[in-house]
4 protein chains.
Amino acid sequence: MADMRANPDVKRGRPRQLSVRDAVLAGAGQLLLQAGTKGFSIEGVARLSGASKVTIYKWWPSKGALALDGFYTLVSPSIDTTLTGDVEQDLVTQVSAVLALFRDTAIGPILAGLIGEAQRDPELAAAIRERWLEPRRQCGVAIVEAAQAAGHVRPDLDPTMILDQIYGPIYLRLLVGHAPLTDDLAAALVRTILSGVLCRASDASERPARSTHHEHNWTRRDELAKAPSAARHS
Amino acid sequence: MADMRANPDVKRGRPRQLSVRDAVLAGAGQLLLQAGTKGFSIEGVARLSGASKVTIYKWWPSKGALALDGFYTLVSPSIDTTLTGDVEQDLVTQVSAVLALFRDTAIGPILAGLIGEAQRDPELAAAIRERWLEPRRQCGVAIVEAAQAAGHVRPDLDPTMILDQIYGPIYLRLLVGHAPLTDDLAAALVRTILSGVLCRASDASERPARSTHHEHNWTRRDELAKAPSAARHS
Amino acid sequence: MADMRANPDVKRGRPRQLSVRDAVLAGAGQLLLQAGTKGFSIEGVARLSGASKVTIYKWWPSKGALALDGFYTLVSPSIDTTLTGDVEQDLVTQVSAVLALFRDTAIGPILAGLIGEAQRDPELAAAIRERWLEPRRQCGVAIVEAAQAAGHVRPDLDPTMILDQIYGPIYLRLLVGHAPLTDDLAAALVRTILSGVLCRASDASERPARSTHHEHNWTRRDELAKAPSAARHS
Amino acid sequence: MADMRANPDVKRGRPRQLSVRDAVLAGAGQLLLQAGTKGFSIEGVARLSGASKVTIYKWWPSKGALALDGFYTLVSPSIDTTLTGDVEQDLVTQVSAVLALFRDTAIGPILAGLIGEAQRDPELAAAIRERWLEPRRQCGVAIVEAAQAAGHVRPDLDPTMILDQIYGPIYLRLLVGHAPLTDDLAAALVRTILSGVLCRASDASERPARSTHHEHNWTRRDELAKAPSAARHS
DNA sequence: ATATAATCGAGACGGTACGTCAAGTCTTGTT
DNA sequence: AACAAGACTTGACGTACCGTCTCGATTATAT
């Protein structure tokens with residue numbers, strides 16, 4: 001994308017006043033916190049920030065874009081996870097971080113609101129995908145692919161789908177609220193998708209054993225005993 | 001919801017005109033189809049149906065409630081699946097039905113829009129949970145619980161979570177669009193959550209075994225042949 | 001202009017709330033007085049009157065229309081002149097009334113502002129013509145035509161033009177302010193257009209004297225000097 | 001307007017670039033022609049001329065001032081009438097010139113728009129008076145005063161008022177549009193104000209008396225020949 | 001040559017008003 | 001009582017022009 005203007009290096013005109021930009025972003029974040037996505041309006045941001053509507057319209061193409069930028073003043077987009085090399089542990093660590101963000105801060109509902117808004121604003125949807133979802137998924141994909149390379153995870157599976165099966169439930173619960181985002185959810189989701197759901201014992205009794213000599217099943221989840229029954233919901 | 005009024009049996013005044021109700025619902029459904037959740041408005045429904053705004057406000061508590069009712073004039077809420085007793089097959093059948101609904105009809109985006117709207121309308125959220133999500137989940141829960149009872153599925157797992165790990169990815173893709181809803185998605189999701197993701201001991205012949213001392217095998221994922229890697233998305 | 005609706009006599013819906021109408025008009029008048037045509041804005045009227053902008057836009061097609069209506073809450077459109085039958089006296093009476101209105105009240109500048117606004121609003125221009133100018137001119141025309149009928153005024157002249165030559169100077173001064181609207185202006189304008197400007201004495205020197213005994217010439221119009229014949233033309 | 005600075009002869013800094021001045025004026029004139037007074041805006045002139053808004057604001061105190069200057073790029077302010085000494089003829093010549101300008105060129109409406117704008121811009125009003133109205137009136141005043149000196153026009157009359165009674169109707173029609181600016185208007189206006197409107201006694205001798213018992217003759221306006229009724233307006 | 005000073009284009013910015021849309025609430029008369 | 005028609009307030013939308021304000025680049029005279 002080469003710059004088409006005559007003198008791209010020559011900066012002409014009054015330079016953008018960064019204080020205004022910051023005030024707008026701060027106002028947007030504040031308004032999101034106070035009023036949520038529902039009460040979010042460009043006029044509200046203008047009021048809060050002291051900027052004029054025209055200025056906002058100049059720099060942000062749409063309400064959604066502004067809201068997303070405001071959202072990012074609330075969340076630092078840091079995804080710094082030190083990997084251990086253990087699939088389960090690494091995934092749980094990362095998922096737990098996201099989960100904690102949704103549970104313990106106000107940004108859970110706000111992100112939900114943004115995704116809701118994205119249903120009527122395709123550009124916002126794209127922005128959310130690119131700026132929020134994908135970066136986070138990259139880490140997960142890296143973990144899974146490393147595990148595949150190390151031979152811990154079946155290589156024929158699409159890492160993307162595996163991640164969806166971990167994050168999907170979280171976002172689904174965030175968006176429709178049919179079940180709570182409990183603390184142990186991250187661990188449970190990861191463990192289940194890793195080991196699967198089928199009984200080892202039942203295989204033995206009901207089906208012809210395909211191979212009888214196999215030891216190992218899921219390395220380190222032996223005592224899965226304690227029921228996560230609290231995950232039920234009215 | 002029993003009628004709470006003093007004399008429920010004494011009906012005075014003009015009785016409710018059901019034709020109006022139907023016209024409103026038809027108009028709501030039509031408007032949803034034509035304009036989507038974004039262009040859906042009570043005034044639009046009034047225009048289309050010939051009913052007056054007051055009438056609509058009288059019988060539907062909110063825009064969301066009307067939209068959901070309109071939505072149900074488009075989708076028959078039938079979930080009639082004949083179960084075979086095979087967990088995988090039954091789940092795939094059911095999930096495929098939902099998936100086809102989202103893929104092939106207009107109701108995928110409309111439902112997404114409704115869930116989006118629900119972010120700013122808690123009552124709509126509750127209604128969606130109760131009227132759409134839960135009925136569908138009951139079937140799935142029944143399948144899983146039957147499998148647990150039959151000893152095919154590990155009894156320590158929460159069926160709810162298992163279902164979330166199947167449906168979550170679908171709704172996530174529907175809402176965020178980071179990956180397409182492919183045809184084989186249902187089968188892949190079900191198979192993966194059933195069998196898990198880790199390498200089996202049988203792989204030990206192929207790869208260096210990490211630990212050697214357990215039994216369980218869960219055969220039946222050998223011919224996972226067709227790569228679901230097409231699920232990637234731009 | 002027959003009413004085209006199905007049942008023109010059946011009044012349906014909530015009737016227009018006249019109190020709102022009155023409040024808007026009062027607000028418009030007040031705003032005109034306070035801020036003049038320059039500071040007049042629909043939003044200002046909405047603020048002052050307590051009515052909403054939408055309501056104002058519903059009933060008044062444009063800012064100009066509202067301003068003109070507001071103007072009429074300041075001026076009662078009464079043009080009640082008892083005619084005596086004497087052209088000069090009747091005209092002076094009427095013109096003086098208008099002049100006094102322009103001089104002594106605030107409506108002079110306001111009307112000027114409206115005419116100014118009419119330069120960019122053809123509908124306002126038409127409304128001013130029909131509702132302000134013409135009614136007033138009718139009276140003048142009536143006086144002139146009566147005088148023509150009575151033989152006091154030359155019948156070959158267009159009464160419209162005569163009135164323009166009386167009122168034109170007043171509006172011109174009102175609009176461009178190059179000369180003041182003095183008290184005696186009405187009398188002077190009327191007298192001059194009635195008697196003309198040419199000297200009788202000059203006629204005497206250049207032409208065969210028609211009459212010789214005048215000490216003053218234009219006081220009464222009994223024997224007025226004849227128009228120079230050069231003025232005739234096809 | 002002498003230069004008030006300390007050292008008026010010492011010119012320092014970059015001298016004013018006259019090409020900019022000309023471009024702005026040309027742009028202003030062009031915009032007036034294209035969009036009229038209504039669509040005239042400083043930003044538009046800046047766009048058209050390539051000058052920056054600041055430059056325009058520096059050299060022209062207000063939008064009206066710029067518009068007037070732009071107006072003068074469209075009209076050459078020449079008022080070159082060779083006088084014959086005959087009041088009527090000279091006045092008609094001059095008035096006809098103005099009338100033709102208003103009728104046949106675009107500057108009639110533009111001038112009307114400027115006068116309209118002047119209602120909200122006192123400085124523009126003053127400028128119009130000084131730069132447009134007065135110069136033109138000077139000529140007329142000269143003619144009238146010459147006629148007064150020659151004894152053709154009554155010396156007790158204010159030439160200003162006489163001119164107002166000629167030009168007033170023209171501007172009134174230009175601004176309000178209640179009657180058209182016809183070709184013969186100039187001659188009619190001049191003739192009427194010169195001769196007056198009242199019936200002359202001399203007509204009694206020139207025409208066959210219709211009825212003998214009154215002092216005026218033309219009972220009804222028998223041969224109104226060319227009807228001036230066309231001067232009426234919708 | 002090197003300040004000093006003005007001109008000028010580009011463009012950012014707050015402000016006021018524009019005209020429109022839909023949400024809800026209300027007030028009629030009609031069924 | 002149910003209902004249609006429609007008046008009304010509220011709040012936000014996105015746009016236009018105003019007038020002011022930095023910037024950097026340019027172009028002259030004065031030291």
Side-chain angles (χ1 to χ4, degrees), chain A residues 5 7 10-21 23-24 39-44 46-47 49-59 61-63, chain B residues 11-21 24 39-44 46 49-59 62-63, chain C residues 5 7 10-21 24 39-44 46-47 50-59 61-63, chain D residues 10-21 23-24 39-44 46 49-59 62-63:
Chain A
R5 285 175 303 175
N7 283 325
V10 175
K11 298 204 173 183
R12 298 192 298 183
R14 178 178 177 177
R16 179 167 182 187
Q17 213 166 310
L18 287 190
S19 61
V20 171
R21 198 196 109 104
V24 170
F40 187 84
S41 75
I42 290 192
E43 285 205 326
R47 263 194 300 271
S49 66
S52 79
K53 277 204 298 176
V54 178
T55 301
I56 297 179
Y57 277 110
K58 176 164 205 176
W59 297 108
S62 71
K63 186 167 122 172
Chain B
K11 293 206 176 180
R12 307 207 303 167
R14 180 178 179 179
R16 178 166 184 188
Q17 211 168 310
L18 285 188
S19 63
V20 170
R21 197 196 108 104
V24 169
F40 186 84
S41 73
I42 289 192
E43 284 197 332
S49 66
S52 80
K53 282 206 297 177
V54 177
T55 302
I56 297 179
Y57 277 110
K58 174 159 204 179
W59 299 109
S62 72
K63 183 168 127 172
Chain C
R5 284 175 304 173
N7 283 326
V10 176
K11 298 204 171 180
R12 298 193 298 181
R14 178 179 178 176
R16 180 167 182 188
Q17 211 166 311
L18 288 189
S19 61
V20 171
R21 198 196 110 105
V24 169
F40 186 85
S41 74
I42 290 191
E43 283 203 329
R47 263 195 299 271
S52 78
K53 278 204 297 177
V54 178
T55 300
I56 297 179
Y57 277 109
K58 174 164 206 176
W59 297 108
S62 72
K63 185 167 126 173
Chain D
V10 175
K11 294 204 175 181
R12 306 212 301 169
R14 181 179 179 177
R16 177 167 184 188
Q17 211 167 311
L18 286 190
S19 62
V20 170
R21 197 196 109 105
V24 169
F40 186 85
S41 73
I42 290 193
E43 284 198 330
S49 66
S52 79
K53 280 206 299 176
V54 178
T55 303
I56 297 179
Y57 277 109
K58 175 160 206 179
W59 299 109
S62 71
K63 183 169 128 171

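Chain identifiers are assigned alphabetically (A, B, ...) following the order of the sequence lines, protein sequences preceding nucleic acid strands; residue numbering begins at 1 within each chain. Here the structure is a predicted model, which means the values were calculated and not measured.
A 4.5 Å side-chain heavy-atom check between C:Lys53 and C:Ile56 finds every atom pair outside the cut-off.
Across the protein-nucleic acid pair, B:Ile42 atom CD1 and F:dA5 atom P stand 17 Å apart, rounded to whole Å. Look at NZ on D:Lys63: it is 5 Å from P on F:dC18, rounded to the nearest Å. Note: OH (C:Tyr57) to P (E:dA17) measures 11 Å, nearest angstrom.
In this view, A:Arg14 and A:Gln17 satisfy the side-chain hydrogen bond (donor to acceptor under 3.5 Å, both in side chains) rule, not counting sequence neighbours. In this view, D:Thr55 and D:Ser52 satisfy the side-chain hydrogen bond (donor to acceptor under 3.5 Å, both in side chains) rule, not counting sequence neighbours. Partners of B:Lys63 under the salt bridge (Lys or Arg N to Asp or Glu O under 4.0 Å) rule, at least two apart in sequence or in another chain, do not exist in this structure. The salt bridge (Lys or Arg N to Asp or Glu O under 4.0 Å) search around B:Lys58 returns none, not counting sequence neighbours. With sequence neighbours excluded, the residues satisfying side-chain contact (heavy atoms from CB on, under 4.5 Å) with D:Ala23 are D:Ser49.
Judged by closest nucleotide on DNA chain E, C:Arg47 is the one of B:Ser41 and C:Arg47 placed further toward the 5' end.
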Give each protein N/O atom lying under 3.5 Å from an N/O atom of nucleotides 13-15 of chain E, with the pair distance.
residue : atom : partner : partner atom : Å
E:dC13  : OP1  : A:Gln17 : N            : 2.7
E:dC13  : OP1  : A:Gln17 : O            : 3.2
E:dC13  : OP2  : A:Trp59 : NE1          : 2.7
E:dG14  : OP2  : A:Ser52 : N            : 3.0
E:dG14  : OP2  : A:Thr55 : OG1          : 2.9
E:dG14  : N7   : A:Ser52 : OG           : 3.3

